[in-house]
Asks: 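I am attaching a structure below and will ask some questions about it afterwards.
Only this structure's heavy atoms are used, side chains among them; waters, hydrogens and symmetry mates stay out. It should be emphasised that the depicted structure is a prediction, and the values quoted were computed from it without experimental measurement.
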Amino acid sequence: MRRSTLAICALLMVATSGCDQVNTAKAKLKLAWDKVRGRSTTQAPPPPPVRPATDTAAARVAAQQQQAGQHPRPPAAPQGQALTRDVPYRSEDTGTVNPGMSEREVYELWAAPAAVRRVGQYTYLFFRNGCEYTCGTMDVVTLKDGRVVDAIVRWDGHRYSGESSSPPGRVPVANPGGDTLQMPPPPAPPPGPASP
């Protein structure tokens, strides 16, 4: 082949190097060149898949319960799967959460939560309740700076001794003042360079 043809092929490969088909073609071409040159053609095994890190606090509590012979909580619905109906929930992990309790004390009382979310100084613990579809939420315990400040509970086995921001009998009502959220318009893009 002439050098100009090789240069055009190289430019074409560089221009399309993001394509999967090109990458597999490059790998096959490299193997063919290695065979011609007498090099070893064994390929390294692909790296193992990366697994997401688990919530270590919840995993520790679950492991401690299993070691102590307690019944672990049934698994929650898989992440990303929308619930289409309520699934009955039964657990021996019941009790009353009190304002001021620590996260660990809540875990000891109700076992490991189905999910934990942390935003700034707030921690939200989500627990199964058997009416996730009908209620629209799991039971939620809110902690501020590591202490319980609120809980929304719907399952009979979960109780909260403080004043809940959403007690079970509360009926949703429309906001009479309307939506007061105001979104400012996006800033105008900076002027571009003047055309000659």
Asks: Are more than 12 heavy atoms from other residues, nucleotides or ligands located less than 6.0 Å from atom CD of Gln121?
Replies: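 More than 12 within 6.0 Å, yes.
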Asks: What residues form a side chain to side chain donor-acceptor pair (under 3.5 Å) with Asn129, not counting sequence neighbours?
Replies: Asp139
Asks: Give me the atom names and distance for the closest heavy-atom approach of Arg118 to Thr123.
Replies: NH1-CG2, 3.1 Å
Asks: Measure the shortest side-chain to side-chain distance between Phe126 and Pro113 over non-hydrogen atoms and say whether it is less than 4.5 angstrom.
Replies: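 Side chain of Phe126 against side chain of Pro113, heavy atoms only: no contact under 4.5 Å found.
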Asks: Any side-chain heavy atom of Trp155 sitting closer than 4.5 Å to one from Arg128?
Replies: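 Trp155 does not reach Arg128 side chain to side chain.
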Asks: For the atom pair CZ (Arg159) and CG (Leu109), what is the distance rounded to the nearest 0.5 Å?
Replies: 8.5 Å
Asks: Tabulate below the donor-acceptor pairs under 3.5 Å that side-chain atoms of residues 141-151 make, not counting sequence neighbours, or state none.
Replies:
residue : atom : partner : partner atom : Å
Arg147  : NH1  : Gly100  : O            : 3.3
Asp150  : OD1  : Ser165  : N            : 3.1
Asp150  : OD2  : Ser165  : OG           : 2.5

Asks: Kindly indicate whether the side chain of Ser102, heavy atoms from C-beta on, has any atom under 4.5 Å from the side chain of Tyr107.
Replies: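 Sidechains of Tyr107 and Ser102: no contact.
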Asks: Side-chain contact test, heavy atoms from C-beta onward, threshold under 4.5 Å: evaluate it for Glu103 versus Leu125 and give yes or no.
Replies: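 Counting from C-beta outward, Glu103 and Leu125 do come under 4.5 Å.
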Asks: For residues Ser161 and Pro99, report the shortest heavy-atom separation together with the two atoms involved.
Replies: OG-CD, 3.3 Å
Asks: Side chains of Asn98 and Tyr160, heavy atoms from C-beta outward: is any pair under 4.5 Å?
Replies: no
Asks: Checking Ser164 now: which residues fulfil side chain to side chain donor-acceptor pair (under 3.5 Å) with it, not counting sequence neighbours?
Replies: none
Asks: Where the side chain of Trp110 meets the backbone of Gly95, is there a donor-acceptor pair that is under 3.5 Å apart?
Replies: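 Yes: the side chain of Trp110 pairs with the backbone of Gly95.
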